[in-house]
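Worksheet: the structure to be examined is printed underneath.
Residue numbers start from 1 in every chain, and the chains themselves are labelled A, B, ... in the order their sequence lines are given, proteins ahead of strands. Because the structure is a prediction, the values reported are computed rather than measured.
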Number of protein chains: 2
Amino acid sequence: MGKNKPQALPGKTVERLSQYRRILYNSIREGKTNIYSHELAKMMNLTPVQVRRDLMLIGYSGSQSKGYVVKDLVTLIGKIIDSDKGQRIIVVGMGNLGRAITSYFSGKREKLSIAAAFDNDLQKTDRIVAGIPCYHINQIKEYVEKEGISIAVLTVSPEATHDVSKKLLEAGIKGILNYTSVPLTVPEDVHLEEYDIVTSLEKLAYLVK
Amino acid sequence: MGKNKPQALPGKTVERLSQYRRILYNSIREGKTNIYSHELAKMMNLTPVQVRRDLMLIGYSGSQSKGYVVKDLVTLIGKIIDSDKGQRIIVVGMGNLGRAITSYFSGKREKLSIAAAFDNDLQKTDRIVAGIPCYHINQIKEYVEKEGISIAVLTVSPEATHDVSKKLLEAGIKGILNYTSVPLTVPEDVHLEEYDIVTSLEKLAYLVK
DNA sequence: TTTATATTGTGAACAAAATATCAACACGAT
DNA sequence: ATCGTGTTGATATTTTGTTCACAATATAAA
Ligand SMILES: NC(=O)c1ccc[n+]([C@@H]2O[C@H](COP(=O)([O-])OP(=O)(O)OC[C@H]3O[C@@H](n4cnc5c(N)ncnc54)[C@H](O)[C@@H]3O)[C@@H](O)[C@H]2O)c1
Ligand SMILES: NC(=O)c1ccc[n+]([C@@H]2O[C@H](COP(=O)([O-])OP(=O)(O)OC[C@H]3O[C@@H](n4cnc5c(N)ncnc54)[C@H](O)[C@@H]3O)[C@@H](O)[C@H]2O)c1
């Protein structure tokens with residue numbers, strides 16, 4: 001098993017750990033108990049060296065003869081990524097994208113679940129949408145504080161982004177996954193991940209060109 | 001205006017260029033004709049140096065007194081990112097996510113439009129879905145060749161991913177934006193961008209923890 | 001004119017990430 | 001016992017991306 005929990009893992013390594021784990025779940029399902037760096041690398045489209053470096057960083061050691069013990073590795077990655085009691089997150093903006101994400105997640109992960117959604121459209125609030133309760137945006141502070149939520153997925157319309165992000169910060173949210181195309185600014189102690197489909201597509205367009 | 005088109009721009013720079021442009025469109029709409037690096041930086045949450053470096057790389061020069069000419073900059077970024085005749089792309093897998101993306105895009109960009117969708121669910125094929133025609137996946141090669149499509153957004157179910165990606169490659173697709181949680185392998189001459197929501201969320205969970 | 005201030009453009013230093021290299025080890029074959 | 005193969009773990013090197021520091025320039029004010 002692993003030795004000690006390092007202070008700060010490189011961002012890219014954390015991303016890959018999440019993906020290693022997903023792939024390893026499949027391997028377990030297929031009855032695989034041990035795995036070599038080159039096997040894992042192939043499944044992820046990486047080099048074996050990269051895999052070993054990542055595992056080295058989390059302090060996990062394999063054996064030269066059998067490689068890595070899949071179950072132990074999954075457990076260790078869980079210890080690094082997951083919170084002990086699991087993370088409950090909220091979706092803010094229950095439009096097309098918000099609903100797609102919510103439907104996708106429902107009952108998928110054990111340690112990461114969508115607890116509720118928020119919107120300002122009265123057609124959507126105070127009822128179950130895509131399997132989870134959807135409340136009015138004005139209730140967000142109360143809810144977040146009561147339920148101890150710290151992560152929000154932001155999928156409101158672009159015009160509302162700044163306003164709503166302010167509300168998230170006021171409510172005490174500590175991690176925002178921003179899918180609106182509007183760049184956000186957050187205080188130092190809040191973590192922000194941004195992703196924009198159009199940017200990805202335009203990058204592809206540039207590369208293909 | 002710009003001097004000459006450099007051979008290969010850093011990937012991150014290309015991503016930022018796409019975002020500069022979106023923000024600059026807003027500035028134009030607000031009547032702004034010139035902009036300083038620090039203004040653009042603030043809107044994007046970057047340092048002014050980073051902005052200037054990016055613009056340097058694309059060979060665009062501003063003036064010390066007026067900064068950059070917004071319109072010219074937008075034009076130059078367009079020359080770099082856009083194809084002359086525009087790119088028509090396809091969405092493969094018309095589920096929740098595919099539909100969200102399609103609805104979002106409809107009529108949004110001039111140079112980047114979703115031409116058609118493909119699925120294997122007969123409930124969805126041979127009709128208009130979310131504003132665009134949806135065909136059966138078996139027709140994809142014919143369509144792609146006839147219409148000269150080179151970019152595909154992949155949003156099929158995880159189990160179908162490998163099969164469908166093979167079909168995309170056979171059809172001659174040169175750029176794939178893969179939103180399934182299954183890592184893909186593609187030949188050298190095909191460009192691949194992958195993004196996974198769960199990974200982003202787990203990264204956030206790690207950071208917040 | 002001279003000075004102060006604000007800006008761009010860029011070489012150089014720095015940091016992060018990916019890749020290459022290799023010693024040490026385990027184990028089966030001989 | 002010993003060799004050959006395939007593996008890990010660690011260090012070194014290369015590549016990619018960001019930031020620093022400052023020269024050059026423009027403008028406005030004194
Ligand atoms: N759907 C996509 O593929 C896609 C792609 C790129 C970017 N985006 C961005 O993601 C965001 C959501 O996209 P979408 O397609 O789901 O849009 P959408 O219009 O379907 O959904 C937006 C939702 O936000 C809600 N909303 C608006 N103002 C609000 C407020 N003040 N408080 C709470 N809720 C509010 C609306 O009621 C609506 O339900 C947008 O910012 C869009 O630019 C979406
Ligand atoms: N929705 C999300 O937020 C989300 C998040 C992360 C990952 N993903 C991934 O994105 C993909 C799509 O997600 P979704 O929520 O839209 O799922 P979905 O089930 O709603 O849609 C999948 C679509 O793919 C089609 N399909 C299945 N096999 C096909 C085949 N062989 N050829 C053509 N079409 C086929 C189905 O008919 C369906 O329309 C999945 O791989 C999922 O894991 C989605």
**Request:** Using a 4.0 Å cut-off on protein heavy atoms (strictly under), produce a 5'-to-3' string for nucleotides 23-30 of chain D with B for base contact, S for backbone-only sugar-phosphate contact, and - for none.
**Result:** --BSS---
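By the salt bridge (charged side-chain N to carboxylate O under 4.0 Å, His left out) test, Lys141(B) is found to be paired with Glu145(B), residues two or more places apart in sequence or in another chain being considered. Residues forming a side chain to side chain donor-acceptor pair (under 3.5 Å) with Glu39(A) (at least two apart in sequence, or on another chain): Lys32(A). By the ring-ring contact (aromatic ring centres under 6.0 Å, His included) test, His38(B) pairs with Tyr36(B), sequence neighbours left out. Qualifying side chain to side chain contact (heavy atoms under 4.5 Å, CB included) partners for Asp196(B), counting only residues two or more places apart in sequence or in other chains: Gln19(A), Arg22(A), Ser181(B), Val198(B), Thr199(B). Residues passing the ring-ring contact (aromatic ring centres under 6.0 Å, His included) test with Tyr143(A), sequence neighbours excluded: Phe118(A), Tyr135(A).
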Filtered N/O pairs between nucleotides 17-22 of chain C and protein, under 3.5 Å:
residue: dA18(C); atom: OP2; partner: Arg16(A); partner atom: NH1; Å: 3.0
residue: dA18(C); atom: OP2; partner: Arg16(A); partner atom: NH2; Å: 3.1
residue: dA18(C); atom: N7; partner: Arg53(A); partner atom: NH2; Å: 2.9

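Rounded to an integer number of Å, the gap from CG of Leu55(B) to P of dG17(D) is 17 Å. Between the CG atom of Leu9(A) and the P atom of dA16(C) there is a distance of 14 Å, given to the nearest Å. Note: CG (Leu57(A)) to P (dT11(D)) measures 12 Å, nearest angstrom. One can place CE of Met56(B) at 15 Å from P of dT19(D), the figure rounded to the nearest angstrom. Rounded to an integer number of Å, the gap from Glu39(A) CD to dT7(D) C1' is 11 Å. Between Tyr68(A) atom OH and dG6(D) atom P the separation is 17 Å, expressed in whole Å.
Of the side-chain N and O atoms in His38(A), one or more sit less than 4.0 angstrom from OP1 or OP2 of dT7(D). Residue Tyr36(B) has no polar side-chain atom (N or O) positioned under 4.0 Å from OP1 or OP2 of dG9(C).
Pairs passing the side-chain hydrogen bond (donor to acceptor under 3.5 Å, both in side chains) check and including a residue from residues 151-169 of chain A, sequence neighbours excluded, read Thr161(A)-Thr180(A). Sequence neighbours left out, the pairs with a member in residues 91-119 of chain B that pass salt bridge (Lys or Arg N to Asp or Glu O under 4.0 Å) are Glu202(A)-Arg109(B).
For CG of Asp189(B), the number of neighbouring non-hydrogen atoms (other residues, nucleotides, ligands) closer than 6.0 Å is greater than 12.
Using bins of under 30°, 30° to 60° and over 60° for the plane-to-plane angle, the ring pair Tyr60(A)/Tyr68(A) lands in the tilted bin.
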